[in-house]
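Read through the structure below, which is laid out as structure tokens, and then see the notes.
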Amino acid sequence: MHNLGRTRSSQQSNHLLLTADSFVRTTLPGMKSCSAVVHVGPALGARFTEYTAEFEAAGELGGTTAQRFIFVIEGAVQVQVEGKSSEVRARGYAYLPEGLRHRVVANQAGRVAVIEKPYQALDSFEPPRLIISNEDAVCSQPLDDDPALQVKHLLPDEMSFDFAVNTMVYQPGASLSMVEMHVMEHGLIMLEGGGIYRLGDSWYPVTAGDFIWMGPWCPQWFGAIGKVPAKYLIYKNWNRHPLADLPR
């Protein structure tokens with residue numbers, strides 16, 4: 001049924017909510033039997049890009065000049081690096097450093113969240129290493145000592161990494177303990193459940209499949225609503241001075 005121009009999607013100066021009814025698919029260079037829903041990128045002012053890659057069986061992601069993080073939402077892919085192939089299934093992920101030649105090929109039809117960002121090097125630290133793992137192998141930690149709100153840090157908290165990716169799980173009724181405002185920006189994909197997100201001065205109902213971008217200092221808060229836990233995958237820039245990427 002036609003929605004007569006109605007959507008929950010919204011684009012404001014400091015945030016973006018994209019819902020599945022407004023997704024537009026495209027093919028990025030190098031993709032084979034694969035399409036992308038590009039959620040955010042530099043055209044909106046973000047310092048990274050995030051998209052969902054939708055694979056057919058034997059589909060391929062294509063290359064990138066940036067560092068790349070992938071998280072398998074559905075299905076399974078083979079990550080091929082230097083002649084070695086690793087299977088990454090649902091809830092599995094891989095961090096691929098900038099400049100590392102690799103291929104990502106689907107074993108079956110599926111969906112993969114992809115985050116790409118130019119790397120900000122630090123003279124005193126070696127570049128990050130290849131990581132292939134699974135969320136199930138990561139220990140969960142309560143946020144602000146609240147056992148109803150659990151966080152898994154998918155990348156090591158090491159200064160060589162210039163961004164972080166976490167999963168967060170809220171039991172029904174759990175919420176952030178404060179409205180956050182900070183210099184970091186976020187990219188967020190709702191994986192399960194739903195709730196209410198405050199972004200700026202707006203309050204949005206959100207559910208699995210939605211994407212949110214939060215710009216620097218965007219007021220943000222989330223509370224889980226429903227009978228099942230809410231879960232999302234969230235990116236933030238990290239471990240770099242705010243002046244680091246200014247031209248000299």
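Residue numbers count from 1 along this sequence. Hydrogens, waters and symmetry mates are skipped; everything else that's a heavy atom, side chains included, is used. Since we're looking at a predicted model, the values are computed, not measured.
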* Are the side chains of Val79 and Tyr93 in touch, meaning some heavy atoms are under 4.5 Å apart? -> no
* Asked: Is there a donor in the side chain of Ser35 and an acceptor in the side chain of Thr27, or the other way round, less than 3.5 Å apart?
  -> no
* Kindly determine whether Lys117 and Glu98 satisfy side-chain contact (heavy atoms from CB on, under 4.5 Å), including the steps that lead there. => CA-CA 9 Å; Lys117 177 185 179 295; Glu98 186 172 85; over 6 Å; no
* Structure fact -> Rounding to 0.5 Å, atoms CD1 (Ile234) and CG (Leu191) come to a distance of 11.0 Å
* **Spatial distance of atom CG (Asp162) from atom CG (Asn239) [nearest 0.5 Å]** => 8.0 Å
* Do Ile225 and Leu143 sit in the same hydrophobic cluster, where Ile, Leu, Val, Met, Phe, Trp and Tyr count as joined when their side-chain heavy atoms come under 4.5 Å apart? -> yes
* Evaluate the ring pair (Phe, Tyr, Trp, His ring centres under 6.0 Å) criterion for residues His15 and Tyr204: first the C-alpha distance (whole Å), next the side-chain angles of each, then the deciding distance (0.1 Å), finally the verdict. => CA-CA 12 Å; His15 68 266; Tyr204 300 96; 5.5 Å; yes
* Asked: Considering all heavy atoms of both residues, which atom of Val206 and which atom of Ile212 are nearest to each other, and what is their separation?
  -> CG1-CD1, 4.1 Å
* To do: Kindly compute the distance separating CG (Asn14) from CG (Leu44), expressed to the nearest 0.5 Å.
  => 10.5 Å
* Between Arg198 (side chain) and Gly200 (backbone), is there a donor-acceptor pair under 3.5 Å? -> yes
* Is there a side-chain contact between Leu17 and Ser9 (heavy atoms, below 4.5 Å)? -> no
* Contact check, side chains of Thr52 and Val112, non-hydrogen atoms, under 4.5 Å -> no
* Asked: If you measure from the Lys or Arg side-chain nitrogens to the Asp or Glu carboxylate oxygens, is any gap between Glu158 and Arg129 under 4.0 Å?
  -> yes
* Identify whether Ile115 and Leu28 are in the same connected component of the hydrophobic contact network (ILVMFWY, side-chain heavy atoms under 4.5 Å). => no
* Asked: Yes or no on salt bridge (Lys or Arg N to Asp or Glu O under 4.0 Å) for Arg111 and Glu74, after CA distance, side-chain angles and deciding distance?
  -> CA-CA 5 Å; Arg111 295 187 300 131; Glu74 296 176 2; 3.2 Å; yes
* Asked: Less than 6.0 Å separating the ring centroids of Phe163 and Phe48?
  -> no
* To do: State which residue, out of Val165, Leu233, Thr167, Val169, fulfils the side chain to side chain contact (heavy atoms under 4.5 Å, CB included) condition with Lys152.
  => Thr167
* Which is it for Arg68 and Leu61 under the side-chain contact (heavy atoms from CB on, under 4.5 Å) test, yes or no, and what are the steps along the way? -> CA-CA 11 Å; Arg68 170 181 277 170; Leu61 188 56; 3.5 Å; yes
* Are any non-hydrogen side-chain atoms of Val105 and Val77 less than 4.5 angstrom apart? -> no
* Compare all side-chain heavy atoms of Glu56 with those of Cys34 and state whether any distance is below 4.5 angstrom. => no
* Asked: Yes or no on side-chain contact (heavy atoms from CB on, under 4.5 Å) for Glu50 and Val114, after CA distance, side-chain angles and deciding distance?
  -> CA-CA 6 Å; Glu50 185 163 357; Val114 184; over 6 Å; no
* Asked: Given the rule in the side chain to side chain donor-acceptor pair (under 3.5 Å) test, do Glu116 and Thr64 qualify, once you have shown the distances and angles that lead to the verdict?
  -> CA-CA 8 Å; Glu116 296 174 2; Thr64 179; 3.3 Å; yes
* Heavy atoms from other residues, nucleotides or ligands near CG of Asp201 exceed 12 (cutoff 6.0 Å) -> no
* same_hphob_cluster(Val72, Leu96) at 4.5 Å side-chain heavy-atom cutoff -> yes
* Does any donor atom in the side chain of Tyr170 or Ser175 lie under 3.5 Å from an acceptor atom in the other side chain? -> no
* **Lys236/Glu185 ion pair, N-O < 4.0 Å** => no
* Exercise: identify the closest heavy-atom pair between Val228 and Gly193 -> CG2-CA, 4.1 Å
* **Donor-acceptor side-chain pairing of Glu87 and Asn107 below 3.5 angstrom** => yes
* **Among Trp213, Tyr51, Phe23, ring-ring contact (aromatic ring centres under 6.0 Å, His included) partner for His39** => Phe23
* Asked: Which heavy-atom pair separates Pro147 from Asp145 by the least distance, and what is that distance?
  -> CD-O, 3.3 Å
* Asked: Could you state the interatomic distance from CE (Met168) to OG (Ser140), rounded to the nearest 0.5 Å?
  -> 10.0 Å
* Asked: Between CE of Met214 and CE of Met184, what distance do you get to the nearest 0.5 Å?
  -> 11.0 Å
* Over all atoms of both residues, closest heavy-atom pair of Arg8 and Thr207 -> NH2-CG2, 3.6 Å
* To do: Mark yes or no for whether Asp146, through its side chain, and Ala148, through its backbone, hold a donor-acceptor pair below 3.5 Å.
  => yes
* Side-chain heavy atoms under 4.5 angstrom apart, residues restricted to Ile, Leu, Val, Met, Phe, Trp, Tyr: same cluster for Ile70 and Val37? -> no
* Non-hydrogen side-chain atoms of Gln12 and Leu199 separated by less than 4.5 Å -> no
* Drop me the distance from Gln78's CD to Ser86's OG, to the nearest 0.5 angstrom. => 7.5 Å
* To do: Specify the closest pair of heavy atoms between Ile196 and Pro205, including all atoms of both residues, with the distance to one decimal.
  => CD1-CA, 3.8 Å
* For residues His186 and Tyr232, is any side-chain donor paired with an opposing acceptor at under 3.5 Å? -> no
* Structure fact -> In terms of heavy-atom contacts, Gln120 and Ala244 come closest through NE2-CB, 3.7 Å
* **Residue pair Asp210 / Thr19, side-chain donor-acceptor N/O under 3.5 Å** => no
* **Glu135/Lys231 ion pair, N-O < 4.0 Å** => yes
* Asked: Are any of the side-chain heavy atoms of Val104 and Glu60 separated by less than 4.5 Å?
  -> no
* So do Arg240 and Met159 actually touch side chain to side chain, heavy atoms under 4.5 Å? -> yes
* To do: For Val40 and Phe211, run side-chain contact (heavy atoms from CB on, under 4.5 Å): C-alpha distance rounded to whole Å, both residues' side-chain angles, the deciding distance at 0.1 Å, then the answer.
  => CA-CA 9 Å; Val40 73; Phe211 175 84; 3.8 Å; yes
* Asked: Going hydrophobic residue to hydrophobic residue with side-chain gaps under 4.5 angstrom, can you get from Trp238 over to Ile189?
  -> no
* Are the side chain of His153 and the backbone of Leu155 linked by a donor-acceptor contact shorter than 3.5 Å? -> no
* Asked: Take atom CZ in Arg47; do more than 12 heavy atoms of anything else shown fall under 6.0 Å from it?
  -> no
* Asked: Does any donor atom in the side chain of Gln67 or Tyr95 lie under 3.5 Å from an acceptor atom in the other side chain?
  -> yes
